[in-house]
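For the numbers below, each heavy atom of this structure counts, side chains included, while hydrogens, waters and symmetry mates do not.
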Amino acid sequence: MKPMTDERWARHANPWSVWTRFAAIPAFMLAVWSRVWIGSWSLVPVGIVMIWLVLNVLVFPPVREPRSWVSKGIYGEQLWLQNRDAVPPIYAIIQRWLIALGFIGMVLLGVGLHQLELWMSLCGMAILILAQLWRIDRFSMLYELHQQKLD
């Protein structure tokens, strides 16, 4: 997979890109769960969701000047990944905690899907989504802080 270029970041910053990636989580859950009904054919919907996630950063028009909360969050994430030394230390601490929380959600989701435990799957999905939304919120604040320094 190619690295994220500035053009891909700008496309990923499109709110449609962000929200459809979030929508892919329950779609993926349903695709995996479909193995109960359609057996190994469940690999088809799983594959479709995976292909969508790869194509997602290519299909939406780029956002050059972020105005929405999620667009600012994606640009903030780009700032953080490109120059972590320029980011206030508290952001690094918060990001580590939120990444850990998201990982816990992902593990719960994975185990829940493997064992076909609905409540574990839903709990894992909720934790994963909340952690990611919280990360976007922190990144949005980071982006705005960066913009203030430029002004």
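Atom CD of Gln95 is separated from atom CD1 of Ile99 by 6.0 Å, given to the nearest 0.5 angstrom. Annotation: the span from Asn56 atom CG to Asn14 atom CG amounts to 9.0 Å, rounded to 0.5 Å. In this structure, CD in Glu77 is found 10.5 Å from CG in Leu142, a value given to the nearest 0.5 Å. Rounding to the nearest 0.5 Å places CG of Leu101 at 11.0 Å from CZ of Arg135. Put simply, CG on Leu53 and CZ on Arg21 are 5.5 Å apart, with the number rounded to the nearest 0.5 Å. With rounding to the nearest 0.5 Å, the separation of CD in Gln132 from CZ in Phe139 is 8.0 Å.
Residue Leu130 is not grouped with residue Ile104 when hydrophobic side chains (ILVMFWY) are merged at heavy-atom distances under 4.5 angstrom, including chains of intermediate members. Note on Leu109 and Val32: same hydrophobic cluster, where clusters join Ile, Leu, Val, Met, Phe, Trp and Tyr whose side-chain heavy atoms are under 4.5 Å apart, directly or indirectly. Under the 4.5 Å side-chain heavy-atom criterion for grouping Ile, Leu, Val, Met, Phe, Trp and Tyr, Leu43 is not connected to Met50 through any hydrophobic cluster. Under the 4.5 Å side-chain heavy-atom criterion for ILVMFWY residues, a single connected hydrophobic cluster contains both Val18 and Leu128. Leu116 and Leu118 fall within a single hydrophobic cluster, where Ile, Leu, Val, Met, Phe, Trp and Tyr are joined by side-chain heavy atoms under 4.5 Å apart, directly or via other members.
Contact record, Ser34 with Ala31: OG-O, 2.5 Å, taken as the closest heavy-atom pair. Taking each heavy atom of Tyr143 and Pro66 in turn, the nearest pair found is OH-CG, 3.2 Å. The heavy-atom pair separating Leu145 from Pro88 by the smallest distance is CD2-CG, 3.9 Å. The two residues Trp33 and Ser121 have their closest heavy-atom pair at CZ3-OG, 3.5 Å.
Every side-chain contact (heavy atoms from CB on, under 4.5 Å) that Arg96 has, sequence neighbours left out, goes to Ala92, Ile93. Take Ser68 and apply the side-chain contact (heavy atoms from CB on, under 4.5 Å) test, not counting sequence neighbours, and it matches Pro15, Val70, Ser71. Partners of Glu7 under the side-chain contact (heavy atoms from CB on, under 4.5 Å) rule, at least two apart in sequence or in another chain, are Thr5, Arg11, Pro62, Arg64.
In terms of modelled atom types and a separation under 3.5 Å, the side chain of Ser140 and the main chain of Lys72 share no donor-acceptor contact. A donor-acceptor pair under 3.5 Å is formed between the side chain of Tyr75 and the backbone N or O of Val63.
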| message | Walk me through whether Gln82 and Asp6 qualify under side chain to side chain contact (heavy atoms under 4.5 Å, CB included). | response | CA-CA 11 Å; Gln82 289 179 345; Asp6 286 344; 3.7 Å; yes
Are Trp69 and Asp137 close enough, and set up right, to give a side chain to side chain contact (heavy atoms under 4.5 Å, CB included), and what steps lead you there?
CA-CA 7 Å; Trp69 172 76; Asp137 184 62; 3.1 Å; yes
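Residues Met141 and Arg138 form a side-chain contact, since some pair of their non-hydrogen atoms from C-beta on lies under 4.5 Å apart. Using a 4.5 Å heavy-atom threshold, the side chains of Val111 and Glu117 count as separate. No side-chain heavy atom of Ile38 sits under 4.5 Å from any side-chain heavy atom of Arg35.
Its side chain outside the 4.5 Å cluster rule for every partner, Leu150 clusters with none of the Ile, Leu, Val, Met, Phe, Trp and Tyr residues.
Identified under the ring-ring contact (aromatic ring centres under 6.0 Å, His included) test for residues 7-27, with sequence neighbours left out: Trp19-Phe22. Legend: ring-ring contact (aromatic ring centres under 6.0 Å, His included) pairs involving residues 82-137, not counting sequence neighbours: none detected.
Annotation for Gln115: atom CD counts as buried by contact number, over 12 foreign heavy atoms lying within 6.0 Å.
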